[in-house]
*Asks:* 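Sharing a structure with you now.
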Amino acid sequence: LSNANLEGACLEGAIGFDQVDYVGTPVLEGCGIYTLGDLNDDGNMNVLDIVMLVNLILNGSEYDPSGDMNDDGTNNVLDVVILVDNILNP
C-alpha cells in the first residue's frame, strides 16, 4: 500500500479486518470501530438509539455511520425503520 492509499483508510486492508455489516457486530469505519445500530454506544440497541437517530435526521446533523442501517451513506427514515425492526425482532 502506498501512503496515498492510506489516507483515511486506517490500514483496514493491511491488517486484514473485513467489514461486517449486520446489526450488533463491530464495524470498522475510517479509524473508529462502532456497533451498527448502537448510536449512543452503551452496548445495547434500544429506544434511546431510535430517539438519537430520529433527532439526528430531523436536525440535519452530521452523518453517523452507526445509524446507517442499510449502508447507503445517509441517515434517513429507512434507517429508523430497520433499527426499530432489529430491536423488536432481534
Side-chain angles (χ1 to χ4, degrees):
L1 296 172
S2 71
N3 288 341
N5 292 338
L6 298 179
E7 187 175 325
C10 284
L11 301 174
E12 114 181 36
I15 62 174
F17 186 91
D18 293 325
Q19 180 172 341
V20 179
D21 60 4
Y22 54 86
V23 175
T25 301
V27 179
L28 183 67
E29 178 71 28
C31 295
I33 296 179
Y34 62 88
T35 302
L36 189 60
D38 185 12
L39 279 85
N40 62 356
D41 200 27
D42 67 353
N44 299 302
M45 282 192 311
N46 54 37
V47 68
L48 298 176
D49 299 302
I50 296 169
V51 170
M52 287 186 69
L53 182 56
V54 169
N55 283 334
L56 183 145
I57 294 165
L58 292 178
N59 293 330
S61 300
E62 186 174 324
Y63 168 74
D64 185 340
S66 65
D68 188 5
M69 303 300 292
N70 59 355
D71 197 28
D72 65 354
T74 62
N75 297 122
N76 56 38
V77 68
L78 295 176
D79 299 309
V80 175
V81 170
I82 295 169
L83 179 57
V84 168
D85 183 58
N86 281 295
I87 291 169
L88 294 176
N89 303 299

*Asks:* Hey, what do you get for CG (N70) to CG (N75), rounding to the nearest 0.5 Å?
*Replies:* 9.5 Å
*Asks:* Measure the CD1-CG distance between I82 and N76 for me, rounded to the nearest 0.5 Å.
*Replies:* 8.5 Å
*Asks:* With rounding to the nearest 0.5 angstrom, report the CG to CG distance, N46 to L39.
*Replies:* 10.5 Å
*Asks:* Do D42 and D38 make a side-chain contact, defined as non-hydrogen atoms from C-beta onward lying under 4.5 Å apart?
*Replies:* yes
*Asks:* Is M52 linked to V77 within one hydrophobic cluster, defined over Ile, Leu, Val, Met, Phe, Trp and Tyr using a side-chain heavy-atom separation of less than 4.5 Å?
*Replies:* no
*Asks:* Report whether V84 and L58 are members of the same hydrophobic cluster (ILVMFWY, side-chain heavy atoms less than 4.5 Å apart, transitive linking).
*Replies:* yes
*Asks:* Roughly how far, to the nearest 0.5 Å, is OG1 of T35 from CG of N44?
*Replies:* 10.0 Å
*Asks:* Could you give the distance from CG (D49) to CG (D41), rounded to the nearest 0.5 Å?
*Replies:* 9.5 Å
*Asks:* Membership question, hydrophobic clusters at under 4.5 Å side-chain separation (ILVMFWY): are L88 and L78 in the same one?
*Replies:* no
*Asks:* Hey, quick one: are I57 and V47 part of the same hydrophobic cluster, counting side-chain heavy atoms closer than 4.5 Å, chains of contacts allowed?
*Replies:* no
*Asks:* Grab the two heavy atoms, one from M45 and one from N86, that are nearest each other, plus how far apart they are.
*Replies:* CE-CB, 4.4 Å
*Asks:* Can you give me the closest heavy-atom contact between P90 and I87, atom names plus distance?
*Replies:* CD-O, 3.7 Å
*Asks:* Between N59 and S61 (side chain of the first, backbone of the second, donor and acceptor by atom type, cut-off under 3.5 Å), is there such a pair?
*Replies:* no
*Asks:* Which distance, rounded to the nearest 0.5 Å, do you find between the CG of L83 and the CG of D68?
*Replies:* 11.5 Å
